[in-house]
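Note sheet for the following structure.
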Amino acid sequence: MILVQNLRKTYRIKAEELPVLDVPSFHVEQGEQVAIIGPSGSGKSTLLHLIGGVLSADSGQLLVNGQDLTKMNERERDHFRSTQIGYIFQDFHLIPSLTAEENVRLVLPKGDAQTQKKLLQEWFGRVGLEKRRTHRPTELSRGEQQRVAMIRSLINQPRLVLADEPTGSLDWETAQQMMSLMLTLCREENLTLLCVTHDLPLAKQFPRIVQIGEINQTMHASRKEVAIR
Ligand SMILES: Nc1ncnc2c1ncn2[C@@H]1O[C@H](COP(=O)(O)OP(=O)(O)OP(=O)(O)O)[C@@H](O)[C@H]1O
């Protein structure tokens, strides 16, 4: 599903070079749910952006769904991302002038109206928002907004879901509920999930934790870990 070997990324600002990521080896199976933890600036988001085809690597191998992203040009990576990746962000990225349902409808492929209606009913029901479908984002709580964003990212069943600090702007209790909901939905749909978080207690909800950057003692207490740098 995901195979990374000797992957390197350096940012360049004018003449200055800033190496931010060096991943010797990293492997994720189809349907796995992996939390990526590490201190601020350790390259978690950069790794996610490389795997999602937003950024290109400087060297190394990066295979996702059997496709070699290091050999793709920008256009091919755009196509890869729009057809195979579901992104969940910290800031939801909902369109304020549209209702919750209209925000999700935007990503649905053209099709039979009845089938679409049923699908939307089903997904809004699954996240407990049946009665909020006609609300605009400003008329929803932050947790509700994230649930709408989750439906939008998952409804087309992308092969790979990438979540970048999806609970970062939520209070602790809501964050726990959101993480648990995201894990349940991905498990039910057999979607592969990679989730960046700096929050170890939230990461511990995942069956597997991968750590990048400095190792700290608290992190060692987790169930399953692989240090990749
Ligand atoms: N476009 C860019 N140009 C130059 N440097 C960048 C760029 N994006 C990120 N960086 C630098 O690369 C490093 C890794 O950034 P990244 O966002 O991947 O870290 P992170 O682990 O996700 O951090 P955080 O937990 O704070 O979000 C940081 O030091 C950051 O300053």
Side-chain angles (χ1 to χ4, degrees), residues 2-28 32-62 64 69-70 72-75 77-78 80-81 85-93 142 145-146 149-150 153 160-172 174-176 178-179 182-183 192-206 208-222 224-229:
I2 301 175
L3 182 67
V4 172
Q5 295 280 349
N6 301 320
L7 193 70
R8 290 205 175 132
K9 177 71 186 169
T10 297
Y11 287 113
R12 285 175 190 86
I13 306 171
K14 294 184 184 159
E16 197 187 336
E17 296 209 334
L18 179 67
V20 289
L21 200 69
D22 183 354
V23 182
S25 173
F26 175 48
H27 181 232
V28 179
E32 258 198 290
Q33 302 185 317
V34 182
I36 299 173
I37 59 167
S40 181
S42 56
K44 302 182 295 296
S45 297
T46 301
L47 178 62
L48 221 58
H49 290 330
L50 288 169
I51 292 171
V54 177
L55 293 172
S56 62
D58 298 321
S59 60
Q61 193 186 25
L62 172 56
V64 181
L69 268 81
T70 57
M72 288 183 192
N73 60 32
E74 201 172 335
R75 208 171 143 174
R77 282 190 280 115
D78 284 347
F80 161 84
R81 193 168 53 252
I85 306 291
Y87 254 108
I88 301 177
F89 304 96
Q90 177 173 335
D91 294 326
F92 324 132
H93 294 191
R142 297 189 70 74
Q145 289 180 53
Q146 187 56 300
M150 255 185 229
S153 301
L160 174 59
V161 179
L162 301 176
D164 198 350
E165 298 280 6
T167 59
S169 65
L170 303 174
D171 63 72
W172 169 242
T174 313
Q176 277 190 311
M178 282 309 108
M179 206 56 113
M182 185 174 71
L183 281 162
T192 311
L193 170 65
L194 283 194
C195 176
V196 162
T197 177
H198 62 268
D199 194 319
L200 186 62
L202 287 178
K204 282 183 176 173
Q205 292 191 28
F206 284 69
R208 181 178 165 202
I209 299 174
V210 166
Q211 180 183 308
I212 68 175
E214 294 295 309
I215 295 178
N216 90 32
Q217 291 310 310
T218 336
M219 287 172 175
H220 269 304
S222 59
K224 241 186 185 180
E225 294 171 9
V226 186
I228 60 175
R229 192 173 73 175

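Ligands are counted one by one from 1 in listed order, and the atoms in each one are counted from 1 as well. Source: prediction; values computed, not measured.
Atom CZ of Arg77 has more than 12 neighbouring heavy atoms from other residues, nucleotides or ligands inside a 6.0 Å radius. The number of heavy atoms from other shown groups lying within 6.0 Å of CZ (Arg75) does not exceed 12.
Under the 4.0 Å distance rule, the nearest protein heavy atom to atom 4 (C) of ligand 1 falls inside the cut-off. Counting protein heavy atoms under 4.0 angstrom from atom 31 (O) of ligand 1 gives zero.
A donor-acceptor pair is defined here as one N or O able to donate and one able to accept, closer than 3.5 Å; such a pair exists between the side chain of Lys9 and the backbone of Ser56. A donor-acceptor pair is defined here as one N or O able to donate and one able to accept, closer than 3.5 Å; no such pair exists between the side chain of Lys44 and the backbone of Cys195.
Inclusion of Ser42 in the set of residues having an N or O under 3.5 Å from an N or O of ligand 1 is warranted. Note: no N/O pair closer than 3.5 Å links Leu18 and ligand 1 by distance alone.
Using a 4.0 Å heavy-atom cutoff, Gly43 is listed among the residues neighbouring ligand 1.
With a 4.0 Å cut-off on non-hydrogen atoms, Thr46 touches ligand 1 through its backbone as well as its side chain. Under 4.0 Å from ligand 1, the heavy atoms of Ile13 that appear belong solely to its side chain.
Taking CE from Met182 and CD from Gln146, the interatomic distance works out to 8.0 Å, rounded to the nearest 0.5 Å.
Taking a cut-off of under 4.0 Å to the non-hydrogen atoms of Pro39, the atoms of ligand 1 that pass are 21 (O). Within ligand 1, counting atoms from 1 as listed, the ones closer than 4.0 Å to a heavy atom of Lys44 are 18 (O), 19 (O), 20 (P), 21 (O), 22 (O), 23 (O), 24 (P), 25 (O).
Looking only at heavy atoms of the protein, atom 9 (C) of ligand 1 is closest to Tyr11 CE1, 3.4 Å.
The shortest heavy-atom contact between Leu162 and Ile85 is CD1-CG2, 3.7 Å.
Arg142 and Ser169 form a side-chain donor-acceptor contact under 3.5 Å, judged by distance and modelled atom types alone.
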